[in-house]
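Every chain is numbered from 1, with letters handed out A, B, ... down the list of sequences.
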There are 2 protein chains.
Amino acid sequence: MNQALKILDIFIKIQEQLDVFQHKGEDLLDEISLAEVHCIDCIGMIDHPNVTKISEKMSLTRGGISKISKKLLGKGLIESYQEPDNNKEIYFRLTEGGQSVYGEHKKLHSKVRQEWLSFFAHYSDDEQAAILRFFTDINDFFVSKSTDKIEK
Amino acid sequence: MNQALKILDIFIKIQEQLDVFQHKGEDLLDEISLAEVHCIDCIGMIDHPNVTKISEKMSLTRGGISKISKKLLGKGLIESYQEPDNNKEIYFRLTEGGQSVYGEHKKLHSKVRQEWLSFFAHYSDDEQAAILRFFTDINDFFVSKSTDKIEK
DNA sequence: TTTATTTTGTTAACCCGGAAACAATAATAA
DNA sequence: TTATTATTGTTTCCGGGTTAACAAAATAAA
């Protein structure tokens with residue numbers, strides 16, 4: 001079996017298991033779902049975050065974000081505010097509790113990042129270059145594929 | 001920015017878009033969901049497939065498979081049978097319609113496989129070796145991580 | 001054998017998103 | 001200005017999955 005076939009087979013296996021990867025088991029904080037944490041992350045990063053901006057950033061529906069933000073409000077992790085000259089848009093900001101979750105998530109994120117970096121350290125420059133090219137190509141492929149869909 | 005960091009960043013981007021990849025837009029057959037097609041695939045491949053075996057193969061709950069198989073029965077794509085010496089286990093087999101869906105899915109699968117192969121053809125042997133090592137390592141990592149979880 | 005335990009498939013209640021309809025507001029055109 | 005169009009956020013309904021409880025059957029233990 002040539003290399004290409006082996007890569008392919010493993011790649012498929014990985015895909016199958018990928019859901020295991022995502023973020024599960026992080027146990028960031030019980031009682032807060034993954035989507036909620038991501039939402040908090042967005043609110044912490046976006047300038048004047050509202051439902052629409054968050055939904056775009058998270059690639060979810062406005063309806064979905066509307067529900068999530070409602071929950072976060074209920075849990076006291078975020079609060080909403082409006083600008084005096086605009087009665088339509090509703091913005092969010094993190095409360096102290098939300099800030100804390102935001103910080104925990106960032107910490108965990110950098111920990112995972114560190115793990116990946118030490119993982120990559122075991123590869124030679126040439127190997128890393130090959131992997132890089134591969135991922136660059138894949139990414140381009142996905143981007144072009146997703147714009148295809150938008151054009152449909 | 002060194003290579004490792006670049007790979008990492010791209011890898012994360014890809015992850016974010018990965019859901020786009022899975023199987024969406026295949027339009028194998030309207031009126032049949034992705035899970036249903038996968039279920040048909042399992043039933044076509046497993047020896048004496050029952051709810052339990054399918055759920056293990058698909059990494060879904062028995063309850064979930066129970067519902068899906070009910071739908072497939074309703075659509076006439078599969079049928080159930082039992083062995084004379086066992087009144088508990090219920091097995092499935094594909095009907096003609098199910099066979100047809102099974103075949104279509106296989107065809108599409110090999111088409112995708114072909115696309116990936118021509119994709120990999122653009123890489124040198126050394127590059128392919130690096131990519132292969134990378135995926136092998138990742139896969140091992142995932143496997144060990146998931147067994148960790150089982151031990152929990 | 002009889003009794004406990006395990007396995008199997010189903011169901012009810014629930015959670016999470018998406019799609020689509022909707023009212024309120026803002027932005028644009030006339 | 002007024003009228004039309006676009007944007008924003010919410011809500012209802014639905015599909016798809018999980019969890020947990022359950023009855024029926026098979027298996028293991030007594």
(message) Counting only side-chain nitrogens and oxygens, does B:Asn87 get under 4.0 Å of the OP1 or OP2 atom of D:dA24?
(response) no

(message) Between B:Ser66 and C:dT10, is there a contact of a side-chain N or O with OP1 or OP2 at under 4.0 Å?
(response)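 So the side chain of B:Ser66 is within the cut-off, an N or O lying under 4.0 Å from OP1 or OP2 of C:dT10.
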
Please report the distance, rounded to the nearest Å, between [atom1] in [X] and [atom2] in [N].
| X | N | atom1 | atom2 | answer |
| --- | --- | --- | --- | --- |
| B:His48 | C:dG9 | NE2 | P | 13 Å |
| A:Gln82 | C:dA24 | CD | C1' | 11 Å |
| A:Glu83 | C:dA26 | CD | C1' | 15 Å |
| A:Asn50 | D:dT7 | CG | P | 14 Å |
| B:Ile90 | D:dA24 | CD1 | P | 13 Å |
| B:Ile54 | D:dG17 | CD1 | C1' | 16 Å |
| A:Leu34 | C:dG17 | CG | C1' | 13 Å |
| A:Glu56 | C:dG18 | CD | C1' | 17 Å |

(message) Regarding B:Glu79 and B:Tyr81, do their side chains bring together a donor and an acceptor under 3.5 Å, going by distance alone?
(response)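 Their side chains do not contain a donor-acceptor pair, so the 3.5 Å distance test is not met.
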
(message) Between A:His48 and A:Glu83, do the side chains contain a donor N or O and an acceptor N or O under 3.5 Å apart?
(response)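 Note: A:Glu83 and A:His48 side chains meet the donor-acceptor criterion.
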
State which of [options] makes the closest approach to the side chain of [X].
| X | options | value |
| --- | --- | --- |
| B:Lys88 | D:dG9, C:dT25, C:dT8 | C:dT8 |
| A:Glu89 | D:dG9, D:dG17, C:dG17 | D:dG9 |
| B:Ala35 | C:dG9, C:dG18, D:dG17 | D:dG17 |
| B:Ser33 | D:dT11, D:dG16, C:dT8 | D:dG16 |
| A:Ser69 | D:dT10, D:dC13, C:dT10 | D:dT10 |
| A:Val51 | D:dG9, D:dT11, C:dT10 | D:dG9 |
| B:Lys71 | D:dG16, C:dG17, D:dG17 | D:dG16 |

(message) On DNA chain C, compare the nucleotides closest to A:Asp85 and A:Ile65; which residue's is nearer the 5' end?
(response) A:Ile65

(request) Would you mind telling me which residue lines up with the more 5' stretch of DNA chain C, A:Arg62 or A:Glu36, judged by nearest nucleotide? (result)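 Residue closer to the 5' terminus by nearest nucleotide: A:Glu36.
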
(request) Look at the side chain of B:Lys67 and the base of C:dG9, then say whether one donor and one acceptor between them are separated by less than 3.5 Å. (result)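 Result: no qualifying N/O pair found.
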
(request) Return yes if the base of D:dT8 and the side-chain atoms of A:Lys53 contain a donor-acceptor N/O pair under 3.5 Å, otherwise no. (result)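 Looking at the base of D:dT8, it does not pair with any donor or acceptor on the side chain of A:Lys53 (distance under 3.5 Å).
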
Once you apply a heavy-atom cut-off of 4.0 Å, does [X] come out as touching a base, just sugar-phosphate, or nothing?
| X | value |
| --- | --- |
| A:Leu60 | sugar-phosphate |
| B:Thr52 | sugar-phosphate |
| A:Lys70 | sugar-phosphate |

(request) Could you check A:Lys75 against A:Glu31 for salt bridge (Lys or Arg N to Asp or Glu O under 4.0 Å), going step by step and ending with a plain yes or no? (result) CA-CA 9 Å; A:Lys75 294 177 185 177; A:Glu31 313 301 328; over 6 Å; no

(request) Measure the shortest side-chain to side-chain distance between A:Ile90 and A:Val51 over non-hydrogen atoms and say whether it is less than 4.5 angstrom. (result)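 The answer is no, as the side chains (C-beta and beyond) never meet within the 4.5 Å cut-off.
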
(message) Classify the ring geometry of A:Phe120 against B:Phe134: parallel below 30°, tilted from 30° to 60°, perpendicular beyond 60°.
(response)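 A:Phe120 vs B:Phe134 ring planes: parallel.
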
(message) Using the side-chain contact (heavy atoms from CB on, under 4.5 Å) definition, which of the options B:Asn50, B:Ile54, B:Leu77 pairs with B:Ile43?
(response) B:Ile54

